[in-house]
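Keep in mind it's a predicted model, so treat the numbers as computed, not measured.
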Amino acid sequence: MIKNTIQVMKTKHINYLREDGQKIKHKPWLGDLFSFLYDSIMTRSIFPKKFGASIKEHTRFLENECIDIHNRRVLELATGSGSITEVLPCDNTYRGIDISEGLLRIAYRKFLLQGFEDFELFVCDAEALPFEDDQFDLCICNLSLNFFNNLDRVVKELKRVIIPEGVFICSVPVPERNTKDSEIRGHLLSESELRTLFEQNGFSISSYDFVNGAILYFKGIKID
Ligand SMILES: C[S@@+](CC[C@H](N)C(=O)[O-])C[C@H]1O[C@@H](n2cnc3c(N)ncnc32)[C@H](O)[C@@H]1O
């Protein structure tokens, strides 16, 4: 359910938010005109050159994590071009947000192709989610935490919209795993900084042992 202070307008299958009569605007990470290049940039450049990581292993890991998730209300922060459709079973109810409408348009086609029946995509900032409280069983955020300007605000929003005991699954590059010394975009927090931030906001955090270049994989549970 959407908060009653927010109006949603759907245009060509994508939801746009308005507040106080004004369309909420965003500045996307990759200009909308270049969205079609996103998947190839991730595969050919970001994974091997920036993260020193394997995209195949990344997908396999997420597949294992998602394989038993069925009939849940799933939120994804920063859907991007919809890579989650490769691993998340289509019998889940899915809501995805991203500031890039170009990427969400690509994602829309993937959700349709994979057979998702109950999914909605919102052009929206992770710092101000349009959803009412306690709406989601699970939230996923892949390779995007480092792009959020105010991560504390995002974590507070996440906590607000997931149910008690709700689960957060996350992959994010961290500086201490960056063996290539490459310049990874965004604001990189260390594992211990991330842990502190999430724990201060009422999550219990556990990291996975899985190692894949600069990427840290962790799980959070909303505990209070
Ligand atoms: C590296 S991409 C990852 C996308 C996708 N999760 C994936 O695994 O392919 C980072 C994404 O974060 C989105 N993004 C950046 N800042 C954002 C914000 N404040 N709120 C929502 N999405 C944001 C970008 O538009 C982009 O789609």
Side-chain angles (χ1 to χ4, degrees), residues 1-32 35 69 71-82 84-85 88 92-108 111-112 116-170 172 186-187 189 194 197-203 220-224:
M1 290 281 278
I2 302 292
K3 284 177 176 176
N4 55 18
T5 50
I6 304 277
Q7 296 160 288
V8 177
M9 275 179 49
K10 202 174 206 177
T11 310
K12 294 187 185 161
H13 313 294
I14 305 292
N15 294 287
Y16 297 84
L17 307 185
R18 293 172 85 88
E19 199 167 24
D20 302 328
Q22 301 289 321
K23 188 175 177 185
I24 302 174
K25 293 197 174 140
H26 307 281
K27 201 161 178 271
W29 167 73
L30 183 69
D32 281 344
S35 299
I69 299 171
N71 303 307
R72 297 293 166 138
R73 296 166 299 172
V74 177
L75 168 68
E76 184 172 26
L77 299 180
T79 296
S81 67
I84 197 71
T85 56
L88 184 70
N92 290 289
T93 297
Y94 175 95
R95 301 291 178 266
I97 65 107
D98 201 290
I99 53 170
S100 165
E101 49 182 289
L103 289 177
L104 288 181
R105 269 191 227 110
I106 296 172
Y108 176 80
F111 278 93
L112 267 191
F116 280 80
E117 287 180 0
D118 188 349
F119 72 98
E120 294 287 348
L121 303 171
F122 295 82
V123 179
C124 157
D125 194 314
E127 288 175 25
L129 299 174
F131 311 108
E132 285 186 343
D133 300 358
D134 297 334
Q135 295 289 302
F136 298 98
D137 304 302
L138 170 77
C139 176
I140 299 172
C141 182
N142 273 315
L143 309 173
S144 303
L145 279 192
N146 48 312
F147 289 103
F148 303 152
N149 289 328
N150 187 334
L151 192 48
D152 185 63
R153 210 178 284 162
V154 174
V155 179
K156 286 188 166 62
E157 277 295 80
L158 164 67
K159 186 178 174 211
R160 183 180 68 74
V161 300
I162 63 171
I163 59 166
E165 310 270 303
V167 173
F168 178 57
I169 298 174
C170 187
V172 60
H187 181 58
L189 296 183
L194 287 166
L197 176 68
F198 276 86
E199 287 178 350
Q200 280 173 348
N201 279 296
F203 285 85
I221 296 179
K222 173 173 159 180
I223 50 172
D224 65 27

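Rounded to the nearest 0.5 angstrom, T79 OG1 and I97 CD1 are separated by 7.0 Å. Here F131 contributes atom CZ and K3 contributes atom NZ; the two are 10.5 Å apart, rounded to the nearest 0.5 Å. To the nearest 0.5 Å, atom CG of residue L194 and atom SG of residue C170 are 7.5 Å apart. Atoms SG and CD1, from C139 and I163 in turn, are 12.5 Å apart once rounded to the nearest 0.5 Å. Here the CD atom belonging to E127 is positioned 11.0 Å from the CG atom belonging to L77, to the nearest 0.5 angstrom. Within the model, atoms CG of N92 and CG of N71 stand 6.5 Å from one another, a figure rounded to the nearest 0.5 Å.
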Go through R105 and K12 one step at a time and tell me if the side-chain contact (heavy atoms from CB on, under 4.5 Å) criterion holds. CA-CA 9 Å; R105 269 191 227 110; K12 294 187 185 161; 5.6 Å; no
May I have the step-by-step check of salt bridge (charged side-chain N to carboxylate O under 4.0 Å, His left out) for D118 and R95, ending in yes or no? CA-CA 9 Å; D118 188 349; R95 301 291 178 266; 3.0 Å; yes
Which is it for E120 and K10 under the side-chain contact (heavy atoms from CB on, under 4.5 Å) test, yes or no, and what are the steps along the way? CA-CA 10 Å; E120 294 287 348; K10 202 174 206 177; 2.9 Å; yes
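Using modelled atom types, no side-chain atom of E19 and backbone atom of I24 make a donor-acceptor pair closer than 3.5 Å. With K222 contributing its side chain and I162 its backbone, the two residues share a donor-acceptor pair below 3.5 Å. A distance-only check finds a donor-acceptor pair linking the side chain of N15 to the backbone of L121 [under 3.5 Å]. No donor-acceptor distance shorter than 3.5 angstrom exists from the side chain of E132 to the backbone of M1, with no hydrogens or angles considered. Using a distance-only test at 3.5 Å, with no hydrogens or angles considered, no donor-acceptor pair links the side chain of Q200 to the main chain of F198.
Each of K23, Q7, E101 was scored for a side-chain hydrogen bond (donor to acceptor under 3.5 Å, both in side chains) with Y16, with one residue passing: E101. Tested against F136, the residues V167, V161, L129 include a single side-chain contact (heavy atoms from CB on, under 4.5 Å) partner, V161.
Side-chain contact between R153 and F148 is absent, with no heavy-atom pair separated by less than 4.5 Å. Within the 4.5 Å cutoff, no side-chain heavy atoms of I99 are placed close to those of V123. The side-chain heavy atoms of L104 and S35, taken from C-beta on, include no pair separated by under 4.5 Å.
Taking the six-membered ring where tryptophan is involved, the planes of F116 and Y94 are perpendicular, since the angle between them exceeds 60° and thus also 30°. Y108 and F119 have tilted rings, their planes meeting at an angle from 30° to 60° on a 0 to 90° scale.
Nearest heavy atom pair, residue G220 against residue F203, reads C-CD2, 4.1 Å.
Note on D125 versus K25: no salt bridge recorded, every NZ/NE/NH1/NH2 to OD/OE distance being 4.0 Å or above.
Within a 6.0 Å radius of CD in E199, other residues, nucleotides and ligands contribute more than 12 heavy atoms.
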